[in-house]
A.B. asks: 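Below: one structure in structure tokens.
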Amino acid sequence: MLDPQLLRNDLDAVAEKLLVKGYQLDKKQFLDLEAQRKTLQVQVEDLRSQRNKASRKIGQTKAAGEDIQPLLDAVASLGDELKESEQSLISLQEKLNDLLAGIPNIPHESVPAGNDESDNIELRRWGQPGTFDFEPKDHVDLGAALGMDFEVAAKLTGSRYVVMQGALASMHRALTQFMLDTHSRQNGYTESYVPYIVNADSLLGTGQLPKFEEDLFKLNTEHDNYLIPTAEVPVTNILRDEIISADLLPFKRVAHTPCFRSEAGSYGRDTRGMIRQHQFEKVELVQAVRAEESWQALDELTGHAEGILQALNLPYRVVNLCGGDLGFGAAKTHDLEVWLPGQQAYREISSCTNFESFQARRMQARWRNPETGKPELLHTINGSGLAVGRTLVAVMENYQQQDGSIVVPDVLRTYMGGLEKIKA
RNA sequence: GGAGAGGUGGCAGAGCGGUUGAAUGCACUGGUCUUGAAAACCAGCAUAGGUUAGUAGCCUAUCCAGGGUUCGAAUCCCUGCCUCUCCGCCA
């Protein structure tokens, strides 16, 4: 959610910046509602004030033993009038809130204009795509002989799920362990275990609701519970409705969780293999910092995610998402795209985003500035470090041998009992 | 799942339906005192919204949440959520 003050004071500038995201702000609607709100709110508060004064007077008069009936008669009509005004105010505020909640975050000035991923700007590349003296296979073909089974998964559940058995399953776990260990031991993140099921308030806090419910798995419980689409939701919401002390900053958490996405609206995309699944594992990095440090934190966090790719010696590039490709709450996003020889393409493996105060305002996540003594909104930053399934895919494709075996990257071997090669 | 108890400011903990945004203690901040510190004493110390040029003043809301009764609710009633204790079940 944007700062309502900002909209009131600087509507034109906001509208202009939102165009970079391809969002047309309905200025007239906002101004109309805002004008009504102002009148109504003043009216309601004035009526309340009158009522409070009168009630106090009644109390005093009664205590003095005098007749209160005339005073009661005087306020008789006030109640109805107040109730009526309050109702109008409430319904107006709902409209205003809906409007406000539907406005995306303002993109940072360094975000390029553009409509889709073709307008994203490559910031840098790391590593050289390997050359093969044979035709490299994709992970589906490689995995078929090594224990990766989509057909059994389809029998168990349906499409877009996978079963892995043997060394591949083990490497999947090894990747997770390696990532968690790196971020918690070297990069200063506190490892966190969190629920995989959250309530609607949490999803509202991080912005998945109310707009993107169709992307989520909703549980058939009596409460509004959902499977998490990313650890970002439970981890960031730790701070919801909190005012934390300055010495707890920066707040840095790493969590490994499964993620569940319905992938509605992407029926034709990436149907092959485990690039786009309903259930996948992810190691997520979350930071919450004071406002002036968030841009530095985004770069730092991006670097932490890159460090995993570098340790695995996987070629990648970093992309600055254009306005049209940017998420609803994002001010700026760095996508990490890993090279997949099987597809001869760079594919997204991590998305590192600075939300500035957009999420924090929704969830009232604040810290107390000791210099002023006042609470201030935090800035939140998160990113995958990394998506485990896609990392497995990248390792398989980049480390494949002509005979269909896969060399185990050095950093994973201690996690796999010293295994050097996965073969059929 | 069954039975009971309870949710008040950073913490602890009062609070007959009436000037209670809320006693008191602790913590914290400033001051007096002191060579300095402690103690003692004095003062301050919630959050959000509105109005406004304003971090001034004024107004409104908030004692888990949502409804209700009332001129007036932290206080009464209903619903929900959460916590604790006991029993049952269970990784």
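Every chain is numbered from 1 and lettered A, B, ... according to where its sequence line falls, protein lines coming before strand lines. Basis for what follows: all heavy atoms, side chains included, without hydrogens, waters or symmetry-related copies.
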A.B. asks: Just to verify, what does T333(A) make a side chain to side chain contact (heavy atoms under 4.5 Å, CB included) with, not counting sequence neighbours?
C.D. replies: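 So T333(A) forms a side chain to side chain contact (heavy atoms under 4.5 Å, CB included) with L321(A), L326(A), A330(A), D335(A), S351(A), T353(A).
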
A.B. asks: Is a side-chain donor-acceptor pair under 3.5 Å present for T302(A) with D299(A)?
C.D. replies: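 Per modelled atom types, D299(A) and T302(A) side chains form no pair under 3.5 Å.
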
A.B. asks: Using distance alone, with no hydrogens and no angle criterion, decide if K252(A) and T190(A) have a side-chain donor and acceptor under 3.5 Å apart.
C.D. replies: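 No.
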
A.B. asks: L82(A) CG to G72(B) C1': how many Å, rounded?
C.D. replies: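 Rounded to the whole Å, the gap is 12 Å.
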
A.B. asks: Checking base pairs now: Watson-Crick or wobble, both atom distances under 3.5 Å. What partners U75(B)?
C.D. replies: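 Matched U75(B) with nothing under the 3.5 Å cut-off.
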
A.B. asks: Name the pairing partner of A38(B), where a pair is Watson-Crick or G-U wobble with both distances under 3.5 Å, or state none.
C.D. replies: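 With both distances under 3.5 Å required, A38(B) matches none.
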
A.B. asks: Can you tell me the distance, in whole Å, between the CG atom of D80(A) and the C1' atom of U70(B)?
C.D. replies: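 My rounded result for the distance is 13 Å.
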
A.B. asks: For A14(B), which nucleotide is its Watson-Crick or G-U wobble mate, given both distances must be under 3.5 Å?
C.D. replies: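 Check on A14(B): unpaired, no WC or wobble geometry under 3.5 Å.
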
A.B. asks: What pairs with T206(A) under side chain to side chain donor-acceptor pair (under 3.5 Å), at least two apart in sequence or on another chain?
C.D. replies: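 With neighbours one apart ignored, the set is Q208(A).
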
A.B. asks: Need the pair for G6(B). Rule: Watson-Crick or G-U wobble, both distances under 3.5 Å, any strand; none if unpaired.
C.D. replies: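 Here G6(B) is engaged in a pair, and the nucleotide opposite it is C82(B).
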
A.B. asks: With a 3.5 angstrom cut-off on both distances, give the Watson-Crick or G-U wobble partner of C33(B), or none if there isn't one.
C.D. replies: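 Paired with no nucleotide.
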
A.B. asks: Whether the Q364(A) and D241(A) side chains hold a donor-acceptor pair (N or O, under 3.5 Å, no angle test) is what I'd like checked.
C.D. replies: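 No, no side-chain donor-acceptor contact under 3.5 Å.
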
A.B. asks: Does the structure show a Watson-Crick or G-U wobble partner for G49(B), both distances under 3.5 Å? Name it, or say none.
C.D. replies: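 The answer is C59(B), by the H-bond criterion.
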
A.B. asks: According to the Watson-Crick and G-U wobble definitions, with both distances under 3.5 Å, which nucleotide is paired to G54(B)?
C.D. replies: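 Base-paired to nothing in any strand shown.
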
A.B. asks: Rounding to an integer number of Å, can you tell me how far E94(A) CD sits from G66(B) P?
C.D. replies: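 For the pair E94(A) CD and G66(B) P, the rounded distance is 13 Å.
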
A.B. asks: Among residues two or more places apart or on two chains, list those pairs meeting salt bridge (charged side-chain N to carboxylate O under 4.0 Å, His left out) that have a residue in residues 51-66 of chain A.
C.D. replies: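 Qualifying pairs: none.
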
A.B. asks: Could you tell me whether the side chains of H379(A) and E356(A) share a donor-acceptor contact shorter than 3.5 Å?
C.D. replies: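 Distance-only check fails for H379(A) and E356(A).
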
A.B. asks: Can you tell me, in whole Å, how much space there is between the P of U75(B) and that of C16(B)?
C.D. replies: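 Each nucleotide's P atom is 12 Å from the other's.
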
A.B. asks: Could you tell me the Watson-Crick or G-U partner of A27(B), where both distances fall under 3.5 Å? Say none if there is no partner.
C.D. replies: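 Matched A27(B) with nothing under the 3.5 Å cut-off.
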
A.B. asks: Which pairs count as side chain to side chain donor-acceptor pair (under 3.5 Å) when at least one residue sits in residues 413-424 of chain A, sequence neighbours excluded?
C.D. replies: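 Sorted result for residues 413-424 of chain A: D181(A)-Y415(A).
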
A.B. asks: Which nucleotides of nucleotides 46-63 of chain B have their base under 4.0 Å from a protein heavy atom (B), which only their sugar-phosphate (S), and which neither (-), written as one string 5' to 3'?
C.D. replies: -SSBSSS------BSS--

A.B. asks: Treating primed atoms plus P, OP1 and OP2 as sugar-phosphate and everything else as base, which nucleotides of nucleotides 78-84 of chain B get B, S or - for protein heavy atoms under 4.0 Å?
C.D. replies: ---S---

A.B. asks: For the residue pair F260(A) and F217(A), categorise the inter-ring angle as parallel (less than 30°), tilted (30 to 60°) or perpendicular (more than 60°).
C.D. replies: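 If you compare the ring of F260(A) with that of F217(A), the planes turn out perpendicular.
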
